[in-house]
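Before any comments, here is the structure.
Just so you know, residue 1 is the first one in the sequence shown, and it goes up from there.
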Amino acid sequence: MSAEEPTTDLYDLRVVVERIEGRSVCGLKPGDHIDLTGSNRLTLPAGGHFCLYALAACLPLLPAKQRALAEGDWMARDSHVACPDPDERLIMRIERTGLQRIPTEELT
């Protein structure tokens, strides 16, 4: 990567099941997680699973959480997402786990 090549800084993220206030219909438990690295790679721990509906609730927030945010931006201080299943009341937390500098031309 040359000094003049434009880059984009993106945070790697982890979506963690923080708590379940109802009954776990999907089989998730506190501590279960999924990782987002780079601009597009989702991974699970070996043998793990993650509820599609819980993940769908997080997806719209992930691109914003991957970028640097202005001080005072609500996205910088709010990191919790609720699964849409009202019986489960599953609460997830989005954490930043690392920072990558990616050549902008490699991003979609």
Tell me the salt bridge (charged side-chain N to carboxylate O under 4.0 Å, His left out) pairs involving [range], sequence neighbours left out?
range          : answer
residues 63-72 : none
residues 22-36 : Arg14-Asp35, Arg23-Asp87, Lys29-Asp32
residues 43-54 : none

Would a hydrophobic clustering, with Ile, Leu, Val, Met, Phe, Trp and Tyr connected at side-chain separations under 4.5 Å, put [X] with [Y]?
X     : Y     : answer
Leu55 : Val25 : no
Leu69 : Leu13 : yes
Val81 : Leu42 : yes
Leu28 : Val16 : no
Trp74 : Leu62 : yes

Least distance between heavy atoms, [X] atom then [Y] atom:
X     : Y     : value
Phe50 : Leu44 : CB-CD2, 3.8 Å
Pro63 : Pro60 : CD-O, 3.8 Å
Ala64 : Arg96 : O-NH2, 4.5 Å
Ala76 : Ala70 : CB-O, 4.5 Å

Answer yes or no: is there a side-chain heavy-atom contact under 4.5 Å between [X] and [Y]?
X     : Y     : answer
Glu18 : His80 : yes
Arg89 : Ile20 : no
Ile91 : Arg93 : no
Val17 : Leu90 : yes

> With Thr97, which residues qualify under side chain to side chain donor-acceptor pair (under 3.5 Å), at least two apart?
Replying inline: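 Counting only residues at least two positions away or on another chain, Thr97 forms no side chain to side chain donor-acceptor pair (under 3.5 Å).
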
>> Checking Asp85 now: which residues fulfil side chain to side chain donor-acceptor pair (under 3.5 Å) with it, not counting sequence neighbours?
In response: none

>> Less than 3.5 Å apart, any donor N or O on the side chain of Asp9 or Gln100 sitting next to an acceptor on the other?
In response: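 No, Gln100 and Asp9 have no side-chain donor paired with an acceptor closer than 3.5 Å.
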
> Going by atom types alone, do Thr104 and Thr8 pair a side-chain donor with an acceptor below 3.5 Å?
Replying inline: yes

>> Has Gln66 got a side-chain atom pairing as donor or acceptor with Tyr11's backbone, closer than 3.5 angstrom?
In response: yes

> If only atom types and distance count, is the side chain of Glu88 paired as donor or acceptor with the main-chain N or O of Cys26 below 3.5 Å?
Replying inline: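 Yes, Glu88 side chain to Cys26 backbone: donor-acceptor pair under 3.5 Å.
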
> Tell me the side-chain hydrogen bond (donor to acceptor under 3.5 Å, both in side chains) pairs involving residues 42-58, sequence neighbours left out?
Replying inline: none

> Got a second to check how far Thr7's OG1 is from Glu106's CD, nearest 0.5 Å?
Replying inline: 11.0 Å

